[in-house]
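So the structure is just underneath, and the comments pick up after that.
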Amino acid sequence: MTTFRIHPVSCPSCGHRFEVEIAHGLHLTRLPTIRERLIDGSFQVYACPACRESALYEATVVYTDFERGEYVAAETPSSASWQTALSRHQTVFRDCFESGPPIAQEMGAKFKRRVVFGFRALREKLVLWDAGLDDRIVEAVKGDLLAEEGESPSGVVLRIARVLDGGHLLFAAYAPVQLPDDLPADQPRVVVHRAPHDFLTAPAARYAARAAEPSAIARDYPWLHDDWFVDLHDGPSYLYR
Ligand SMILES: [Zn+2]
């Protein structure tokens with residue numbers, strides 16, 4: 001079910017208190033425009049009624065698209081550790097699909113299942129899948145790029161900006177998210193727009209080379225065997241550093 005709730009928030013620029021509408025579940029089959037807004041970055045971006053400054057109000061949400069077979073649980077960086085998030089969403093998924101009637105089981109088996117932190121990571125999955133790309137291979141390509149640049153995935157966060165003509169991957173580079181200590185997990189997280197500090201491009205040939213050798217991915221990025229966390233920057237990838 002698609003559910004929205006009203007949350008009181010404070011404007012990050014002027015402190016004005018107002019209310020915003022926050023989604024708790026997004027079932028896209030009946031809401032195709034939300035997918036477009038997630039991709040163009042306008043989803044849950046609200047302007048302050050006093051000073052007109054816009055910010056993104058990000059909260060936990062489960063995104064499902066039955067037609068495309070997409071199930072993405074988006075946490076905020078303050079809502080849970082990756083271990084807690086993983087076990088929570090595995091339980092929900094099991095209760096909804098795997099332990100359900102045969103029709104639910106059949107549906108569940110078709111889903112690509114992911115847990116991500118933040119809307120930028122959610123957007124990345126949708127953009128890659130739209131382009132017909134495998135997000136596991138893209139994570140391996142990102143890891144290769146960062147290693148070449150002498151950077152670590154805990155120091156620089158790469159997210160797809162665009163898939164260019166010819167299938168080349170344009171990544172935007174961001175600083176890792178810094179969290180305030182006092183943010184309650186159930187409150188929307190206010191994200192003030194920051195431009196990426198850099199862009200990196202991976203040629204399509206690099207993706208093709210990684211795609212041709214799955215055993216090399218398993219060797220270099222063993223955490224990519226997990227189908228829930230397919231993210232260089234979050235989740236079990238940390239166990240291998
Ligand atoms: Zn304001």
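In listed order, ligands and their atoms are each counted from 1.
- Angle SG(Cys14) to the Zn ion (ligand 1) to SG(Cys51), rounded to 10°: 110°.
- Distances from the Zn ion (ligand 1) show that His16 has no N/O/S atom below 2.8 Å.
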Dump the intermediate steps for salt bridge (Lys or Arg N to Asp or Glu O under 4.0 Å) on Asp135 and Arg114, then the final yes or no.
CA-CA 10 Å; Asp135 56 330; Arg114 301 288 183 264; 2.7 Å; yes
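- Here the angle centred on the Zn ion (ligand 1), running from SG of Cys11 over to SG of Cys48, is 110°, rounded to 10°.
- The shortest heavy-atom contact between Glu139 and Val230 is CG-O, 3.6 Å.
- Exactly one residue among Arg35, Lys112, Lys125, Lys110 makes a side chain to side chain donor-acceptor pair (under 3.5 Å) with Glu70. That residue is Arg35.
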Take Phe93 and Tyr71 through the side-chain contact (heavy atoms from CB on, under 4.5 Å) test and state the conclusion after the steps.
CA-CA 9 Å; Phe93 195 86; Tyr71 184 103; 3.7 Å; yes
